Structure formats: structure tokens, C-alpha cells
Amino acid sequence: MSQLLPPGFFTATVPLNAYLILSAILFAIGACGFLFRKNIITIYMCIELMLNAVNLSFVTFSYQFGKVDGQIYSFFVMVVAAAEAAVGLAIILTIFRNRGTLQIDEIDSLKN
Amino acid sequence: MDFILLSILKTAIAAPVLLGTLAYLVWIERKVLAHVQLRIGPSRVGPHGLLQPIADAIKLLTKEDFIPSYVNKFYYWLAPWLALMFAVTAISVIPIGPVVEVFGIKTNMGQADISIGLLLILGLTGMGVYGIALAGWSSNNKYSLLGGLRSSAQMIAYELPMAMAIVSPLLIVNTLNLREIVNAQAGYTFGILPNWNVLGGGLQIFSFIIYLICAFAETNRIPFDLPEAENELVSGYNTEYSSMKFAAFFMAEYCNIITACSVATTLFLGGWHPIIPNELGGQFIPTLVCVFFAGVLFYHALNPSRPSDRLSMGAIGAVILGLGLMFQVPGVKDLAQPLFWFASKAGFLIFFFIWVRGTVPRFRYDQLMRFAWLFLFPAALLNLLVTAFIVALKSN
Amino acid sequence: MLSEALLENETIAGLVAAHPTAVLGGVTQFDEITLTIEPGEIVATLAYLKYHQKFDRLSTVTAVDRYPLDPRFEIVYHLQSVGRNVRLRLRASVATEIASATIVYSGANWYEREVFDLFGVVFTGHPNLERIMMPDDWKGHPLRRDFPTHGFKYSYGEQQ
Amino acid sequence: MSETIVEHQESEAGTTRRMTLNMGPQHPSTHGVLRVVLELDGEFIQKARPEIGYLHTGIEKQCEALNWQQIITLTDRVDYLANLSNNLCYSLAVEKLLGLEIPPKAQWMRVLLAELTRIGSHLVWLGTHALDMGAMTMFFLTFREREELMKLFEMISGQRLMTSYIRIGGLALDPPRGWEKLVRAFLADFPSKIDEYETLLNNNPIWLRRTKGIGVISVESMLDVGITGPVIRAAGIPLDARKMTPYSSYEKFDFAVPTSTDNDVYARYAVRVAEMRESLKIVQQAMDGMPEGPTRADAHRLVLPEREKMKTQMEALIYHFKIVTEGIAVPEGEVFQVVESPRGELGYYVVSDGTAKPLRVHMRTPSFGNLQGLPRLIENRQIADAIAVMGSLDFVLGDCDR
Amino acid sequence: MDVILFTFFGLVAIVGAVSLVIQKHPISSALSLVSVMVALSVLFLLLGAEFIAAAQLVVYSGAIMVLFVFVIMLLNAGAERESRKAGLAQFLGLPLTAVLLVFASYVITQSMSNAKAVKFGAFTGGGPREVGWALFTQYLLPFEVTSILILVAIAGAVVLARKEID
């Protein structure tokens with residue numbers, strides 16, 4: 001099998017920058033979604049996407065410096081995201097119960 | 001390179017075996033349940049219905065794949081395969097035997113041997129809920145939706161005590177690699193009592209019970225089969241499914257049972273280690289068991305209740321006798337004996353699953369939730385604390 | 001109009017005293033007392049029997065179609081007093097409609113719907129007077145004597 | 001189901017979300033073709049509306065077109081799980097109109113058969129009720145015993161379900177030789193089987209959790225709505241026609257009417273299981289004290305002659321011919337006969353205008369009344385409780401729709 | 001091997017992220033996000049962060065996203081409606097994010113000139129043991145603070161999600 005493929009096919013490596021740029025791309029897409037979407041749950045998910053992108057760069061830096069600290073940070077990000085999801089979804093639930101909609105431009109007033 | 005080839009080879013062996021196991025698990029379930037309920041069970045296709053799984057497979061494959069017009073087609077199609085995919089993948093990290101040498105290649109018995117095997121299983125079984133939730137949502141049926149909702153809530157509720165129950169033995173064995181977990185349970189106290197987490201080494205009987213209860217909930221088995229409670233929700237999330245898609249859900253469920261039982265075996269029941277030390281004759285037990293079953297079958301072949309039994313019982317008996325002798329052949333022995341012990345422990349747990357199904361009624365939804373949060377969770381927490389305390393005392 | 005023997009019965013005497021115009025007649029057959037009630041006073045009678053004579057159960061409400069007669073329908077109420085272990089049958093002859101007993105006995109609900117469905121007798125004041133046995137778009141009332149047993153030719157497709 | 005699955009409903013307080021769920025007419029636990037329209041808030045039932053009529057067979061209408069003795073076969077089909085109770089009730093009503101005296105052996109046989117029917121019906125109930133709660137083994141256990149009863153009915157009448165064994169004026173046939181052995185075997189065997197059911201259910205914490213304190217409404221409400229039978233006995237009212245207005249010489253039997261004051265699903269279960277034991281006692285007494293004699297009334301104008309007589313005596317042949325072709329004329333009058341069916345108060349209101357066909361046969365069936373109380377029992381409860389409550393009411397849709 | 005895996009899962013992540021943004025129905029968005037998360041967890045594995053990869057599966061896709069899906073199904077949230085646009089974000093959003101992306105890429109390529117090449121298995125300091133050790137020694141205080149945060153979040157969620165007593 002190894003004769004059929006170019007030499008070094010299985011051993012080629014990826015530059016670390018590629019991971020960082022991937023992280024930046026994901027972050028940018030998340031930011032776009034955050035700006036354009038109207039559904040409050042989708043906006044929430046875009047924030048999660050941005051957090052994930054940041055996680056990726058944390059883990060990549062952890063690789064770069066050969067230390068576990070970056071991973072610890074992304075672990076904390078995860079934990080905070082979990083807490084945030086619990087509270088955020090509860091808020092969404094309450095909003096929906098009171099307003100009957102999830103469109104943010106319909107819930108921009110303080111009163112019904 | 002070797003690694004990839006070996007993986008492919010192992011998959012080629014494991015996939016048909018897994019499929020066969022799944023199919024015959026259904027047969028065993030039907031048969032055991034039937035005998036619990038004073039019935040005979042499948043008996044028409046082949047001797048004692050032994051060919052029933054094949055007939056079922058053909059039936060399910062050739063049945064019309066009906067797709068209701070009002071479903072969300074993509075997710076409706078995706079859901080069963082998602083469920084099956086995660087269920088099957090989770091099995092891959094379970095070691096069913098020690099590292100063995102076959103044809104000069106040293107390898108572990110099991111698909112993958114990774115350092116975070118247990119976490120991966122937790123993650124993948126947790127992902128399995130997407131299949132069910134999606135099926136419930138995409139079917140556009142109220143019963144399915146309720147089933148999907150129940151399933152998601154149930155999964156979240158029971159994953160927590162389950163993880164806690166798993167962590168307690170981990171404190172003792174001090175690793176997440178499943179093979180190392182099993183190896184940590186090798187040996188015998190006083191030369192006779194096995195060092196299993198559930199008995200010897202850690203005395204993790206409470207973790208074991210909590211894990212087993214959670215496993216019932218995670219695999220949607222009675223008394224926690226609320227997502228598909230046929231008397232309330234018709235058939236829950238798979239009401240609208242037929243043909244192979246239904247079969248995929250079915251197989252996913254049985255896959256999950258196998259995973260849950262295998263994990264219990266690995267974590268608590270010492271994996272492939274025999275119950276009696278090999279020095280005291282543990283290595284002869286597989287053969288003895290096979291000889292016993294072969295004897296029973298030969299007895300029935302000699303006193304047949306149906307004319308066809310004379311042949312079929314005799315043939316199956318001969319096969320089992322042959323298997324029993326295999327356990328003593330030097331080369332095969334190292335491979336077959338761990339397999340026997342692992343399979344019989346997991347098999348006993350699976351039998352327990354079926355037995356419970358034939359015995360108890362089902363919980364109500366809020367009772368199920370209350371049970372998880374108000375009883376199981378604190379119990380698991382307390383168990384974890386006590387275990388941690390003991391471990392800390394020992395290490396000092 | 002009531003025989004002496006019937007008037008000796010405390011319940012009936014009480015009823016006659018409370019609602020003199022309600023009871024039109026009475027008869028005892030096979031130890032079962034039947035009172036004929038003025039249709040307009042049926043609710044008052046039932047209320048009196050329930051609250052003053054402890055007839056706490058309404059066993060059934062049904063109708064008998066005496067077709068050629070006019071008024072053709074007899075609405076029949078079977079009451080039971082669990083404590084006193086007595087049963088009583090009330091009968092009211094009506095042509096098309098009668099007041100609903102659901103105010104007094106809410107259990108009359110389905111029985112009256114059934115009579116409405118199968119006989120076409122209208123119960124005024126009924127909370128939910130809809131067909132109960134037959135399909136909602138059914139024409140006619142099957143238990144009437146002039147409704148043939150084999151039914152009219154009827155199918156969902158051909159109805160006008 | 002093709003419309004959007006969730007309907008929004010604006011309530012006065014604000015926006016609450018409700019889902020309308022159509023339970024039935026084809027649903028595993030509506031026991032036939034009952035349809036309950038549920039308005040759900042999450043898992044809670046806000047409103048329930050039972051819809052019946054899917055099994056309406058027009059039996060009451062058919063009765064008006066058939067001869068008096070032909071109707072027996074229709075009564076079987078009203079409550080197909082308690083067919084002999086229906087046979088008995090109708091026969092008693094017509095016999096009252098005719099003024100027929102039934103020989104003691106026939107009366108005792110009727111009691112025996114009615115009680116066996118009760119046991120059979122309760123067995124079906126217990127099996128399906130437990131099955132609804134997820135305990136499916138129970139179903140097979142109870143049907144094992146029911147099979148013995150079915151064999152007995154088949155032996156006696158040639159039919160398993162629609163026996164039509166109790167006729168106007170007595171029984172259809174003399175019971176065959178050897179049937180006592182079957183009944184005695186059942187009597188000897190069955191008490192241990194009841195113990196078996198109880199060991200499986202009484203100590204099961206899940207069963208207790210699912211049944212205790214579920215489906216409670218006030219006794220007044222039950223009386224008002226028309227609930228009868230074991231359900232109301234489980235609420236503490238000993239409403240039992242066998243004791244209150246004894247028929248077919250029930251007064252000569254010694255039995256208790258089991259009651260309970262808990263008024264929940266578990267109490268109904270307990271009352272029915274106790275009833276099975278009481279029924280066994282009655283069957284035992286009927287077997288021990290079975291009088292000798294004929295099983296049909298001595299009224300040649302009303303009761304079909306014996307086969308042997310018909311073949312040998314001209315007069316008997318003529319009466320047979322007349323009864324079969326013309327039917328029997330029943331004197332004018334009306335009667336409301338009540339018996340205690342396994343499900344509750346079963347009443348036949350029979351009106352005769354003096355001809356060979358009845359003017360009106362109305363069946364006051366227990367399932368109809370019990371089912372009417374369903375909304376009150378399950379509203380503001382969960383779906384799972386609704387299943388338990390529906391099981392505990394033990395309705396038969398044939399009995400309800402007629 | 002590294003290249004193949006990185007390219008494949010990187011593409012999956014990007015496609016998933018784009019799909020998350022352009023899908024109209026929240027359920028589709030949620031599932032796209034799940035696919036991003038699964039792809040990322042594989043990338044974490046490639047970077048030697050075994051524990052974080054597993055935690056990503058268990059916590060993110062196994063719990064948080066299940067919660068999202070649960071809520072979406074519970075609310076039966078329909079597809080998003082087109083509505084009036086938020087002016088500024090609509091016109092400046094895309095260009096600004098593009099600028100941000102380009103700038104970030106520039107900074108990365110410039111400042112990370114000494115970056116290592118990623119080789120699977122080269123860094124093994126991300127196992128559960130190492131992460132646990134760091135968590136319970138160096139980062140003990142933040143860890144405890146986070147657990148309190150979670151506790152507060154649970155309490156908040158319970159208070160918020162409880163039905164109004166009326």
C-alpha cells in the first residue's frame with residue numbers, strides 16, 4: 001500500500017499555525033452568526049461555537065509550549081460553558097413562556 | 001502501517017461476530033423471556049427457533065421501507081444510523097482478553113487500546129441519545145416527540161450517577177485504560193477470593209449496583225423503558241419507523257446492552273479473569289460447563305420430544321462438546337479461556353437484564369426522575385466520598 | 001290518581017306533598033315502583049328525590065318509543081338509594097324535548113346524549129348535547145321505531 | 001396527524017402551551033376502541049374527553065327485531081368478557097315478566113357459572129392492567145388460569161367465549177358428565193395461583209408506587225357520575241346487587257363483599273383480588289350443595305322440550321315448532337333487572353307489549369357509567385397515571401357501546 | 001496521516017460551523033454544532049489533549065448540546081422567520097469579521113514563526129493524570145471557584161425554570 005502513495009504520506013505533519021487559523025476561521029464564523037441570526041437559541045449556539053474555537057487555540061498553544069496549562073484553561077472554558085448553558089437555557093425557557101417567541105427583535109422591549 | 005492493517009483485520013473478524021451476537025441476543029431474549037412467562041418462544045424456524053434471527057433479518061431487510069409523508073426526511077433517515085453508529089463504536093474499546101500472541105503478532109484482544117477508553121465509552125453512549133431524540137423530533141408524531149423528550153431528560157439524569165459510580169472503582173485501579181483496569185483486578189485474596197472490584201480489592205458492591213441501575217436507564221430497559229413505553233406512548237420514539245430503520249434502533253439498543261454489560265464486567269467483575277484461580281482448576285471450568293451442556297443436549301437427543309430433536313440436539317451437543325475440548329488445546333487455550341470468562345460474565349449480566357424485564361412493572365416518569373436525582377445521585381456521591389476516604393487512608 | 005298502597009310509601013307521599021302537580025300516576029309491578037311524572041317538573045322531582053329522599057344514584061336514563069302514540073317517547077329514569085336500598089323508576093312522556101337532569105345528577109350526561117343520539121329527544125340545558133354512539137354526520141335516530149333495522153341506504157361517499 | 005404537532009392555546013393568564021394528544025381509538029392501553037382526547041401540558045393531562053361509539057353495534061336495535069329467546073345470543077356480545085352475567089341478567093328479566101319458576105339446580109348452576117365468569121373477567125383485567133404498567137409476565141400467568149376456565153366453558157356449552165348457556169327458563173343443556181372434576185380441579189388449584197399473583201405484585205415497590213394514591217376522587221362524585229362495581233367498593237361503599245337485591249338464590253350463599261376505603265388504584269386491585277377469592281368460596285359452596293333435578297323450568301309453552309321428548313312425543317314436537325317459528329309471547333309489562341357483573345351494576349330494562357318481540361331492551365352497562373367518570377379521575381394527572389386509572393376502571397368497550 | 005486527519009476534520013468543523021450559521025431551523029443548527037464539536041474533539045486528540053477530547057465529547061456534545069436539543073424540542077421552536085434587519089450589523093458585520101479574520105491570520109503567521117509541526121503522539125502531557133495533577137495543585141483555587149460557579153448556576157437555573165406559582 002505504501003508504494004502507491006507519495007513518500008511521506010503517512011508521516012507528513014501539519015504546521016501548528018494551521019490549527020490556529022482553523023480556530024480563527026471558526027471564531028469568525030461564530031461571530032458572523034452571532035451578528036446575523038435572529039433566533040435566540042441559534043445565537044446562543046454561535047457563542048458556544050466561538051468558545052469552542054477559543055478552546056482549540058488554547059489546546060494548540062498547550063501543544064506548542066509542551067505544557068498542560070492551556071488544556072486546563074479550555075477545561076475551565078468548558079465548565080463555564082456548561083454553567084452558562086444551564087442558566088441561559090433557563091432564561092430562554094422563561095422568555096418563551098412569557099413572550100411566546102424566540103426572535104430577538106421581537107423581545108427587545110421591556111414590556112410586552 | 002501494521003497498526004492500520006491489524007485494525008482492519010480485527011474489524012473484519014469482529015463485525016460479523018458482533019452482528020451474529022446481536023441477532024442471537026434477540027433470540028436469547030425472546031427465549032428467556034418466554035420461559036419466564038411460561039411460553040415456549042420462537043420454535044418454528046429451525047430447531048428451537050435457532051434460525052429465527054436469520055428469518056427476522058430477511059424479513060426486516062425485505063420489508064417495505066415506509067417513510068411517512070409528514071416527517072422531516074433527512075433527520076428521519078439519519079436518526080437510526082446515528083444511534084447505531086455510536087452504539088457500535090462504543091464497543092470497539094472494550095478489551096475482551098489480555099494481550100496475546102497470535103501467529104507471532106502480539107496484540108490485545110479488543111479493537112482499540114487507548115488510555116481514555118472509559119471516558120470514550122461514556123462520551124459515545126452519551127451521543128447515542130441524539131439518535132433517539134432526533135427520531136422523536138423528526139417523526140412529527142406526538143407520541144414520538146414525548147418519547148424523544150423523555151429519553152433526553154432520562155439520559156442527562158442518569159449519566160451523572162453513572163459517572164460517579166464509575167469513578168469509585170477508578171479511584172482504586174487508578175487508570176482509565178480498560179485493559180489496565182482489568183489487570184488491576186487480577187490475583188486472589190487468600191488464594192481463592194478473586195480481587196474483583198465488586199468483591200475483593202475494593203468492595204465496590206454499591207458502585208456496582210448503582211452502575212447497573214443506571215445502565216438499565218441508559219439502555220432504556222424496563223423498568224426505565226419510558227421512551228418507548230408501548231402502553232403509554234404506543235412505541236415512543238420509534239413509532240413511525242419500520243423495516244431496516246427500525247432494525248437499526250433495535251440493534252443499537254442491544255449494542256448498548258452489550259456495552260453496558262461489558263463495561264460492568266470490566267470495571268467490577270474482573271474482566272477475563274477466572275473466578276477460581278487457574279492453579280485450583282479454574283482452567284477446567286469452561287470445559288466442564290461445555291461438557292455439562294453437551295450432556296444435557298445428548299440426553300435430549302436420546303429422549304427426543306420431537307423426532308427432529310434426535311438429530312439437531314445431537315449435532316448442537318457435539319458442537320458444544322468440541323468447543324469445550326478447544327478450551328484445553330494449548331495454542332487456542334490462551335485465546336479461548338479469557339473469551340469464555342468475559343462472555344460468561346457479560347452474558348450473566350445480560351441474562352439479568354432480561355430477567356428483570358420479565359419481572360417488574362415500569363416507573364412513572366416523575367418517579368424515574370425523582371429516583372435519579374433524590375436517591376441515586378446522593379447515593380453515588382456518598383459512595384464516592386467513602387471510597388475516596390478509604391483510598392486516602394490506605395495510601396497514607 | 002295514585003293508589004292507596006302507593007301513597008303509604010313514605011317516599012311517594014313526601015314527593016306528592018312537596019310537588020303536588022308532579023306525579024301523574026304510579027304503578028307497582030314485580031315489586032318495582034313506577035311513577036309517571038309531569039315532564040315539566042322532572043328536574044324538580046329528581047332534585048327532591050336526591051336531596052330529600054337520599055336517592056343518591058341515577059342508575060340509568062333511557063327512552064321507550066311508543067311510536068303511534070302521541071307523545072311518542074317515554075323518558076325513563078332509574079334511581080337508586082344506596083343507603084336505603086330502594087329503587088325507583090320515573091317516567092315522563094314527551095314529544096320532542098325535556099329538561100336535562102344533568103343539573104341534579106351529572107351522571108345523566110352520557111345517558112341523555114345517548115337518548116338524544118338514538119331517539120332524537122332534545123334535553124334542554126344539557127352541557128354537551130352531541131351524538132355519542134353514531135358518527136357526527138349521521139342522519140336519523142336509529143332506535144326510533146320507524147327507523148328500519150337494516151338502516152337506510154347510507155354510505156359516507158353518497159350522502160347529499 | 002399531518003397538521004402541526006403542537007397547538008398553541010392562549011389562556012387567560014398568559015401563554016400556556018398545550019398539546020392535544022389523541023389517545024386511541026387504536027392504542028395499546030385503551031383496551032379496544034376507546035378514544036381519549038387529551039390536552040397535555042408537558043406530561044400532565046389538563047383535560048380529557050373520552051369519545052366512545054367506535055364499537056357501537058346496535059344491539060339494542062337488533063333486540064327489537066328478534067324473538068325473545070333469540071336475543072340471548074346478542075347479550076353474549078355485549079360484554080364479551082362476562083357473557084354469562086349478561087345471559088343471566090336478560091334471562092332473569094324475561095323470566096320475571098313471564099312469571100317462570102326456575103328449578104333449584106339451574107339456579108345454582110347459574111350462580112356457579114356467573115362466579116366463574118367473574119373470576120375469568122378479573123383474570124383478564126389483572127393481566128392487562130399489569131401489562132399496562134409494564135409487568136408483562138402477569139399477563140401470561142393470568143391467561144394460563146383463564147385458559148382452564150375457557151376449557152370448562154367449552155366443555156359445558158361447546159363455546160369458549162359466546163357461550164349463550166343461560167337461557168330463558170333455565171340452562172341450554174344439562175352439564176356434561178365429568179365437568180365437576182374440572183371445576184374441582186380448578187378450585188383446588190386456583191388459590192395458590194392467586195397467591196402467586198400477589199407475591200409478584202403486592203411487594204413490588206414499583207407496583208405500589210404506581211398504584212397507591214392514584215386515581216382518587218370523592219365517593220359522592222363517584223356516585224354522582226354513576227361509577228359502580230369494584231371501583232366504588234374500593235371507595236368504601238358496599239354496592240353489590242348480589243347482597244342488596246339477591247337474585248338466582250344468591251341469598252343462600254355465604255360470601256363477603258370485599259371493600260376498601262383507600263379509593264385508589266391499588267385498592268381497586270386489592271378489592272378485585274379479594275373478590276376472586278370470594279367467588280371461589282361461592283363456587284365451592286355451589287359445588288358442594290348442588291341440588292338434584294332438572295335444569296329447565298317445567299313450562300312447555302315457553303321452554304324448548306328436551307331433544308328426546310321432541311323425537312318421541314307429538315305434542316312436544318308441536319311446541320318446539322311453535323316456539324322456534326313464532327317465538328314466545330311475553331305478557332305486557334316492564335322490568336328492570338339488576339345483577340352484579342364483574343364490572344359493576346348490570347341492568348336490563350325490558351319492556352314488552354305482549355308480542356313475541358320486545359318493545360325495548362335497554363342495557364344499563366357498568367362500563368358506560370364507569371367510563372363516564374374517567375375525565376374526573378385523570379385530569380391534572382400524568383399520562384402514566386391515566387394508564388393506571390384506565391386499567392383500574394376495567395371497562396370493556398363492547399359493554400360500553402353495545 | 002496527520003495531514004489527512006487534520007484536513008478531513010478541519011473541513012468537517014468548518015462546514016459544520018457554516019451550516020450552523022446558515023441553517024434556518026434551530027435543530028439543524030444544533031446538530032451542525034454537534035458535528036463541529038465532534039470534529040474538534042478529534043483535533044484535540046491529534047494535539048495530544050486526550051482528556052480534553054473526551055471531556056469535549058462527554059460535556060459538550062453529550063450534555064450541553066443534549067440540553068440544547070431538549071429545549072428546542074420542548075419549545076418546538078420553529079424555523080427562524082425573516083424579519084427586519086438590524087442595520088449596522090447587517091452592513092458592517094461581514095466586512096468586519098473578514099477584516100478580523102485576515103488580521104488574526106496575519107498575526108498568527110507573523111508571531112508564531114517558531115511554531116512546531118504537529119505530530120500525533122509527540123506530546124503526551126494531556127492525559128487524565130497530568131490534567132488532574134495540574135487541576136488539583138496549581139489550579140486548585142480556580143477549580144474550587146468554578147465549582148461554586150456551577151453551584152450558583154444550578155440554583156439560578158432552578159429558580160428561573162420553575163413555573164410561576166399562580
Side-chain angles (χ1 to χ4, degrees), chain A residues 10-22 24-26 28-33 35-39 41-42 45-46 48-49 52 55-56 59-60 62-64 66-69 71-72 74-76 78-87 89-94 96 102-103 105, chain E residues 1-3 6 10 13-14 17-18 20-21 26 29-30 33 36-37 40 43-44 47-49 52 55 59-60 64 67 71-72 75 77 80-81 83-84 89 93 97 100-101 104-105 108-109 112 115-119 123 125-126 130-131 134-135 139 142 146 149-150 153-154 156-157 160-161:
Chain A
F10 287 104
T11 49
T13 52
V14 187
L16 194 80
N17 289 351
Y19 282 90
L20 291 175
I21 290 174
L22 177 67
I25 293 172
L26 291 180
I29 296 175
C32 268
L35 290 176
F36 293 144
R37 294 306 298 266
K38 293 282 177 284
N39 190 313
I41 293 183
T42 319
M45 288 192 284
C46 288
E48 297 289 337
L49 176 63
N52 262 286
N55 269 357
L56 179 59
V59 173
T60 315
S62 158
Y63 185 92
Q64 162 77 13
K67 280 184 177 173
V68 80
D69 302 50
Q71 296 181 17
I72 300 291
S74 68
F75 177 79
F76 282 133
M78 256 181 227
V79 173
V80 173
E84 171 216 322
V87 178
L89 286 173
I91 292 175
I92 291 178
L93 217 63
T94 319
F96 190 79
L102 290 175
Q103 301 277 106
D105 42 10
Chain E
M1 204 65 208
D2 271 297
V3 178
F6 174 76
I14 292 174
V18 170
L20 156 67
V21 174
S29 297
L33 188 52
V36 176
M37 283 165 176
L40 282 185
L43 294 179
F44 289 168
L47 288 167
I52 296 298
V59 178
Y60 252 129
I64 298 182
L67 205 60
V71 168
I72 295 171
L75 300 181
E80 187 176 312
R81 289 188 300 276
S83 56
R84 65 193 162 84
T97 38
L100 172 77
L101 181 56
S105 312
I108 288 164
T109 41
M112 298 288 290
K116 293 176 183 172
V118 179
K119 176 98 181 70
F123 173 61
E130 291 80 6
V131 172
L135 264 186
Y139 292 96
T146 338
L149 174 78
I150 290 236
I154 292 173
L160 278 171

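Each chain gets a letter, A, B and so on, in the order its sequence line appears, and its residues count up from 1. Please read all numbers here as calculations on a predicted model, not as lab measurements. Note that these values count all heavy atoms, side chains included, but never hydrogens, waters or copies made by symmetry.
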Item to complete: Name the member of E:Val36, E:Val59, E:Ile150, E:Leu135 that forms the most heavy-atom pairs with chain A at distances under 4.5 Å.
Response: E:Leu135

Response to the item:
Most heavy-atom pairs under 4.5 Å with chain E, out of A:Asn52, A:Val68, A:Ile29, belong to A:Asn52

Discussion item. Going by the rule side-chain contact (heavy atoms from CB on, under 4.5 Å), which residues pair with A:Ser62 if we only count those two or more places apart in sequence or in a different chain?
Written reply: A:Gln71, E:Phe123

Worksheet item: What is the minimum heavy-atom distance between E:Ile52 and A:Val59, and which atoms define it?
Response: CG2-CG2, 4.2 Å

Worksheet item: Hey, which of A:Cys32, A:Ala85, A:Gly30 has the most heavy atom pairs under 4.5 Å with chain E?
Response: A:Cys32

Worksheet item: For chain E, which of A:Leu93, A:Ile92, A:Leu56 has the most heavy-atom pairs under 4.5 Å?
Response: A:Leu56

Practice prompt. Heavy-atom distances under 4.5 Å only: say whether E:Leu100 touches chain A with side chain, backbone, both or neither.
Written response: side chain

Practice prompt. Measure the CD1-CD1 distance between A:Ile25 and E:Ile14 for me, rounded to the nearest 0.5 Å.
Written response: 4.0 Å

Worksheet item: How close do A:Ala86 and E:Leu67 get, heavy atom to heavy atom, and via which atoms?
Response: CA-CD2, 4.4 Å

Fill in: Inter-residue atom distance E:Leu40.CG - A:Asn55.CG, 0.5 Å rounding
8.0 Å

Practice prompt. Could you look at E:Leu33 and say if it's the side chain, the backbone, both or neither that has a heavy atom under 4.5 Å from chain A?
Written response: side chain

Worksheet item: So which of A:Val79, A:Ile21, A:Leu89, A:Val87 has the biggest tally of heavy-atom pairs under 4.5 Å with chain E?
Response: A:Leu89

Discussion item. Among E:Ile64, E:Val21, E:Leu47, which residue has the highest count of heavy-atom pairs closer than 4.5 Å to chain A?
Written reply: E:Leu47

Response to the item:
Taken to the nearest 0.5 Å, the spacing of A:Tyr63 OH from E:Phe44 CZ works out to 15.0 Å

Worksheet, complete the sentence: When every non-hydrogen atom of A:Thr42 is compared with those of E:Ser29, the smallest separation belongs to CG2-OG, 3.8 Å

Practice prompt. Over all heavy atoms of both residues, which pair between A:Ala24 and E:Ala104 is shortest? Give the atoms and the distance, please.
Written response: CB-CB, 4.2 Å

Item to complete: Only counting residues at least two apart or in another chain, list the ones meeting side-chain hydrogen bond (donor to acceptor under 3.5 Å, both in side chains) with E:Tyr60.
Response: A:Glu48

Practice prompt. Could you tell me which portion of E:Val131 (side chain, backbone, both or neither) has an atom closer than 4.5 angstrom to a non-hydrogen atom of chain A?
Written response: both

Worksheet entry | Worked verdict on A:Phe76 versus E:Tyr139 for side-chain contact (heavy atoms from CB on, under 4.5 Å) | CA-CA 10 Å; A:Phe76 282 133; E:Tyr139 292 96; 4.2 Å; yes

Item to complete: Answer with side chain, backbone, both or neither: which region of A:Leu22 has an atom nearer than 4.5 Å to a non-hydrogen atom of chain E?
Response: side chain

Worksheet item: Of the non-hydrogen atoms in A:Met45 and E:Pro26, which two are nearest, and what is the gap between them?
Response: CE-O, 3.5 Å

Fill in: Contacting region of E:Ala13 [heavy-atom separation from chain A under 4.5 Å]
both

Item to complete: Could you look at A:Ile72 and say if it's the side chain, the backbone, both or neither that has a heavy atom under 4.5 Å from chain E?
Response: side chain

